[in-house]
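Structure first, then comments.
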Amino acid sequence: MAIEKWKEIENGDEHGNLEKPLMKREEEEDSSRNYENGRSIHMVYLSTFVAVCGSFQFGSCVGYSAPAQAAIKEDLRLSLSEYSMFGSILTIGAMFGAITSGRIADYIGRKGAMRMSACFCILGWIAIFFSKECLSLDIGRLLTGYGIGVFSYVVPIFIAEIAPKNLRGELATLNQLLIVTGSSVAFLLGTVVTWRTLALTGLIPCITLLAGLSFVPESPRWLAKVGQEKEFLSALQRLRGKNANISAEAAEIQYYIETMQSLPKIKLVDLFQSIYIRPLIIGVGLMVFQQFGGINGIGFFATETFASAGPSVGRIGTIAYACIQVPITVAGVILMDKSGRRPLIMVSAAGTSLGCFLAGASFFLKGRGWLLDFVPVLVVAGVLIFVASFSIGMGAVPWVIMSEIFPINVKGVAGSIVVLVNWLGAWIVSFTFNFFMSWSSSGTFFIYSLISLMTILFVIKLVPETKGKTLEEIQASIHSQREVEILN
């Protein structure tokens, strides 16, 4: 029955009448021309800017602990284990945020979820600012972790649902760009201000987001899903411009959502049905490969990695690492809707594999006392190639694809699972990195290199190209492919 339903979506109604969107190509082309003539996407840009304040907040939280470490330990007399708890509890909070993010975004809307997340982060930063001992410090960090766990889901979803299909990839990639920027800004500010002042700077993106949300519309697709038809049309018109002809796009969204809502309400176990399993495998698989390629282990301990290869390159390598992420991520933003998702992620994975291989080779040579003069250069080159390659594709593309591939009726449940897998993978990799390095530095990087190569095979086999397609067209494409697989 599910497959038949998808055939109706793709080919027309149950009577064979091609009267709905996705079917009449000539009408679509005419509407597209009218739409282009009247289109104004200033509100799309403004809405995206407001949303990625949450991404900047994400980066600020992640980047806070490193520059604040020495001062917090000294002022509050924390042991190394107590400070380690402070750092890692962010990920625990983010896991809880990930578990609840989809349901929250479905019940109170994308804007409501972002408002709630900002409030959690504000409370967390205030608790950190006023901390006199480790308990309040940990509570504050846990609250900010929960907030960014929700942000990590709702920001890319919101951007994907408001953006025109030709700009969706580019705009969604801004999520990763602002995460990287927020982390870099927190790191740099932490070298010139106290840890309490640095905590107060974390309030700025939250306040900006709360203020900005008053001026931007809710996601039209969410409004259509909850039956607010008047608000849906108004939001879509604001996003596309007052002179744009939105009739074809509005009808397509409504028909798709009506079809989805006619299906049974989704529970966690329902995700394993044949109609949903493929997008679930794609979303979870991309997050597994993103995290288990080693990004959090290599990123969190880059300074120690450089120092272990040679004390002379530690400072140079760390500065270069901090400077390279933002411009390369910008390049990824530009390429997202030009090259397509699949080529970008495969080139990125090939680069991360090469970077890890070079770093692993350097430690292999060092362990045998060969070419010792070249070891520091290979380590720095390998890590920088890794982070540059990750920033251009592997960092952002999985989040973009995650926001595109799930039907709206399962987006809440499935999105929460995917985000939870991402955070769980981040914790596992960052927790085990030093243990692996103690076992074998070269072996650690060779394992990460192999996982990156496996990413390429995974993308070739399972991941569809979503560039230039509406969210509804992506769904029809995924399930028509699935139908062919079943018939064969």
Would you please classify the geometry between the F386 ring and the F390 ring as parallel, tilted or perpendicular, with 30° and 60° separating the classes?
-> parallel

Closest approach of I282 and V463, non-hydrogen atoms and distance?
-> CG2-CG2, 4.1 Å

Do V154 and S101 have side chains that get closer than 4.5 Å, going by heavy atoms?
-> no

Sorted by chain and residue number, the side chain to side chain donor-acceptor pair (under 3.5 Å) partners of S152 (sequence neighbours excluded) come out as W423

Contact check, side chains of I159 and V52, non-hydrogen atoms, under 4.5 Å = yes

Show the numbers, then the answer: is there a side-chain contact (heavy atoms from CB on, under 4.5 Å) between L171 and L174?
-> CA-CA 5 Å; L171 294 178; L174 292 176; 4.1 Å; yes

Using the test ring pair (Phe, Tyr, Trp, His ring centres under 6.0 Å), find all partners of F129 that sit at least two apart in sequence or belong to another chain.
-> none

Does P220 reach the side chain of L239, with side-chain heavy atoms less than 4.5 Å apart?
-> yes

Give the minimum heavy-atom separation between V150 and M116, together with the two atoms involved.
-> CG2-CE, 4.2 Å

Is a side-chain donor or acceptor of E218 paired with a backbone partner of W222 at a separation under 3.5 angstrom?
-> no

Side chain to side chain, Y64 and I72, heavy atoms closer than 4.5 Å = yes

Return yes if some donor-acceptor pair links the side-chain N/O of K111 with the main-chain N/O of L213 below 3.5 Å, else return no.
-> yes

For S449, all residues meeting side chain to side chain donor-acceptor pair (under 3.5 Å), sequence neighbours excluded = S353

Result for side chain to side chain contact (heavy atoms under 4.5 Å, CB included) between V288 and one of V421, V418, L424 points to V421

Salt bridge check: are R240 and E249 linked by an N-O gap of less than 4.0 Å?
-> yes

Nearest 0.5 Å, what's the SG-CD1 distance between C121 and I126?
-> 11.5 Å

Determine, stepwise, if the pair S441 / F436 fulfils side-chain contact (heavy atoms from CB on, under 4.5 Å).
-> CA-CA 7 Å; S441 297; F436 276 113; over 6 Å; no

Does R342 reach the main-chain N or O of E465 with its side chain, forming a donor-acceptor pair under 3.5 Å?
-> no

Which atom names give the shortest non-hydrogen contact between I456 and A349, and what distance separates them?
-> CG1-CB, 3.7 Å

Does I128 reach the side chain of W195, with side-chain heavy atoms less than 4.5 Å apart?
-> yes

Could you grab the distance from atom CD1 of I179 to atom CD1 of I148, nearest 0.5 Å is fine?
-> 8.5 Å

Quick one: do F120 and Y146 satisfy ring-ring contact (aromatic ring centres under 6.0 Å, His included)? Show the steps, please.
-> CA-CA 7 Å; F120 270 93; Y146 182 85; 4.7 Å; yes

Heavy atoms from other residues, nucleotides or ligands near CZ of F446 exceed 12 (cutoff 6.0 Å) = yes

Measure from the side-chain N and O atoms of R110 to the backbone N and O of S219, and report whether any donor-acceptor pair falls under 3.5 Å.
-> no

Does any donor atom in the side chain of T352 or Y448 lie under 3.5 Å from an acceptor atom in the other side chain?
-> no

Non-hydrogen side-chain atoms of L378 and F363 separated by less than 4.5 Å | no

Does the side-chain contact (heavy atoms from CB on, under 4.5 Å) test come out yes or no for L90 and C61, once each step is laid out?
-> CA-CA 8 Å; L90 178 81; C61 292; 4.1 Å; yes

Beyond-backbone contact of I345 with L286, side-chain heavy atoms, under 4.5 angstrom = yes

Would a distance-only check, ignoring hydrogens and angles, find a side-chain to backbone donor-acceptor pair under 3.5 Å from S362 to A359?
-> yes

In this structure, CZ of R341 is separated from CE of M346 (nearest 0.5 Å) by 13.5 Å

Tell me, which pairs form a side-chain hydrogen bond (donor to acceptor under 3.5 Å, both in side chains) where one or both residues lie in residues 48-58, sequence neighbours left out?
-> S55-N175, Q57-W125

Sequence neighbours left out, what passes side chain to side chain donor-acceptor pair (under 3.5 Å) with T197? Give chain and number order.
-> T194

In this structure, are over 12 heavy atoms from other groups packed under 6.0 Å from E133 atom CD?
-> yes

State which residues pass side chain to side chain donor-acceptor pair (under 3.5 Å) with T144; sequence neighbours excluded, sorted by chain then number.
-> none

Once you round to the nearest 0.5 Å, how far does CD1 of I295 lie from OG of S452?
-> 10.0 Å

Do NZ/NE/NH1/NH2 and the carboxylate oxygens of K225 and D106 come within less than 4.0 Å?
-> yes

When rounded to the nearest 0.5 angstrom, what is the spacing between CG in L189 and OG1 in T201?
-> 5.5 Å

S131 side chain to A127 main-chain N or O, any donor-acceptor pair under 3.5 Å?
-> yes

May I ask you to decide if M43's main-chain N or O and S47's side chain share a donor-acceptor pair within less than 3.5 Å?
-> yes

When rounded to the nearest 0.5 angstrom, what is the spacing between CZ in R141 and CD1 in I92?
-> 11.5 Å

Within-4.5 Å side-chain heavy-atom neighbours: F292 and M454 | no

Give a yes or no on whether F458 atom CZ has more than 12 heavy-atom contacts from other residues, nucleotides or ligands under 6.0 Å away.
-> yes

Specify the closest pair of heavy atoms between N422 and Q290, including all atoms of both residues, with the distance to one decimal.
-> ND2-OE1, 2.6 Å

Could you pull out the closest heavy-atom pair between I405 and G283, with the gap in Å?
-> CD1-N, 3.7 Å

Heavy atoms only: give me the nearest V155-A51 pair and the separation to one decimal.
-> CG2-O, 3.5 Å

Are the side chain of S234 and the backbone of K230 linked by a donor-acceptor contact shorter than 3.5 Å?
-> no

List the steps, then state whether side-chain contact (heavy atoms from CB on, under 4.5 Å) holds for M95 with T91.
-> CA-CA 6 Å; M95 289 183 193; T91 307; 4.0 Å; yes

